[in-house]
Amino acid sequence: MTIIASLLRAAQLPDSPTPRLDAELLLAAALGKPRSFLHTWPERIVPSEAALVFTDYLQRRRSGEPVAYILGQQGFWKLDLEVAPHTLIPRPDTELLVEAALELLPATPATVLDLGTGSGAIALALASERPAWQVTAVDRVLEAVALAERNRQRLQLDNVSVLSSHWFSSIESRRFDLIISNPPYIAEADPHLVAGDVRFEPESALVAGKDGLDDLRLIVAQAPQHLEAGGWLMLEHGYDQAAAVRELLAAQGFIEVHSRVDLGGHERISLGCRPC
């Protein structure tokens, strides 16, 4: 019989940047308990069925599969979201978009468009913090639309609408106070595409042409006709793309263009305002 503490000690995940955390998350899930249970009851015996599930989880993690995909869930902002391999895994850096949006727009009624919503992370985080906002979340991948809608229903956020749209294709003439997006921004030949968790994520949600800017160019070019006067466009991009994105925004007539840094000190998002 194996106890929790010894099972965790035996778990080997040499290629993971966070091996202990990964092992704890996987064992807690196999046991159907919160992670705190492992620290409170380290001498508890692990049932054989749970041990087998944990062993399978470890094998999948050793092959490089992200913990979020193994467990089918990921925390983002203050929410627990269902995730799946046809959408990106929400990351802490993207919370910077949420923080900036909440800072720029008041809590009074506003309309927001989340382009390429994936799991719905950004749209749902904003809607949970601003009940007066009406948020439209779109994605061209039908499985992502269904996933975001499941998350919306489970979180009971009635101020979000999830639609199928390739960027602005189904938006028609609607205008918004804020357009926000974490689009694909990795260059085709970027070596990161064959390393780490990214190997398991959908290429369509990662890659955007030779320089990684194709989708950012399209969004910046088309956003003005869908923004109210004084409305904001807010974009996540690569750590070395801020200057290029600021140039795109300025060339399209946006004002108050600037970038903001993430927890690692990189310029991670850029934004601009449509003139009144």
Side-chain angles (χ1 to χ4, degrees), residues 87-101 104 112-123 125-126 135-141 144 148 163 165-171 174-193 198 201-228 231-262 264-275:
T87 64
L88 287 183
I89 299 168
R91 289 175 167 80
D93 284 343
T94 302
E95 293 184 357
L96 184 58
L97 281 174
V98 178
E99 292 173 2
L104 282 174
V112 179
L113 174 63
D114 175 24
L115 293 170
T117 195
S119 64
I122 296 169
L126 292 176
V135 183
T136 300
V138 304
D139 204 290
R140 69 172 176 171
V141 178
L163 307 175
S165 180
H166 185 198
W167 303 131
F168 298 100
S169 65
S170 300
I171 300 302
R174 295 175 61 190
R175 290 181 179 268
F176 301 85
D177 299 301
L178 169 68
I179 297 174
I180 193 166
S181 183
N182 175 21
Y185 54 72
I186 299 179
E188 291 173 352
D190 194 302
H192 293 96
L193 292 169
V198 172
E201 296 185 89
E203 186 173 303
S204 63
L206 295 166
V207 178
K210 291 183 178 180
D211 62 359
L213 293 171
D214 282 4
D215 289 309
L216 286 159
R217 288 190 187 96
L218 184 150
I219 293 170
V220 172
Q222 296 185 8
Q225 60 188 303
H226 296 287
L227 276 171
E228 299 284 3
W232 286 88
L233 174 61
M234 191 174 300
L235 301 164
E236 181 172 335
H237 49 67
Y239 73 96
D240 58 352
Q241 294 174 328
V245 175
R246 289 195 299 268
E247 287 181 11
L248 291 172
L249 290 166
Q252 203 61 44
F254 285 91
I255 61 173
E256 298 186 52
V257 173
H258 64 283
S259 301
R260 300 192 181 193
V261 298
D262 61 18
H266 300 114
E267 290 183 313
R268 179 61 59 182
I269 70 169
S270 293
L271 52 156
C273 179
R274 180 175 178 250

Closest contact, heavy atoms only, [X] versus [Y]:
X	Y	answer
Pro183	Ile219	CB-CD1, 3.8 Å
Ile269	His237	C-NE2, 3.3 Å
Asp139	Gly118	OD2-N, 2.9 Å
Arg175	Pro224	NH1-O, 3.4 Å
Ser181	Leu97	O-CD1, 3.7 Å

Residues that [X] engages under side-chain contact (heavy atoms from CB on, under 4.5 Å), provided they are two or more places apart:
X	answer
Ser169	Ser165, His166
Glu247	none
Ala101	Leu126, Leu178, Ile180, Met234
Ala125	Phe76, Trp77, Leu79, Val98

Tell me which donor-acceptor pairs under 3.5 Å the side chains of residues 250-258 have, and how far apart each pair is, sequence neighbours excluded?
residue	atom	partner	partner atom	Å
His258	ND1	Glu256	O	2.9
His258	NE2	Arg260	NE	3.3

Taking only residues two or more places apart in sequence or in another chain, which ones pass ring-ring contact (aromatic ring centres under 6.0 Å, His included) with Phe176? none

As a quick check of understanding, evaluate side-chain contact (heavy atoms from CB on, under 4.5 Å) for Ile122 and Thr117, giving each step before the final call. CA-CA 7 Å; Ile122 296 169; Thr117 195; 5.8 Å; no

What pairs with Ser259 under side-chain hydrogen bond (donor to acceptor under 3.5 Å, both in side chains), at least two apart in sequence or on another chain?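 Partners of Ser259 by the side-chain hydrogen bond (donor to acceptor under 3.5 Å, both in side chains) criterion, ordered by chain and then number, come out as Arg246, Ser270.
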
Check Asp211 with Arg217, please: is the shortest side-chain N to carboxylate O separation under 4.0 Å?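 Salt bridge present between Arg217 and Asp211.
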
Just checking, any donor-acceptor pair under 3.5 angstrom between side chains of Thr94 and Arg268?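 The criterion, which ignores hydrogens and geometry beyond distance, is not satisfied for Arg268 and Thr94.
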
Interatomic distance, Leu235 atom CG to Leu271 atom CG [nearest 0.5 angstrom]: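 So the CG of Leu235 and the CG of Leu271 are separated by 8.5 Å.
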
What's the separation between atom CG in Leu248 and atom CG in Leu218, rounded to the nearest 0.5 Å?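 CG of Leu218 is found 11.5 Å from CG of Leu248.
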
Residue pair Leu115 / Phe168, side-chain heavy-atom distance below 4.5 Å: yes

Could you work out, with salt bridge (charged side-chain N to carboxylate O under 4.0 Å, His left out) as the rule, every residue matching Asp177, not counting sequence neighbours?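 Checked Asp177 against salt bridge (charged side-chain N to carboxylate O under 4.0 Å, His left out); zero matches.
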
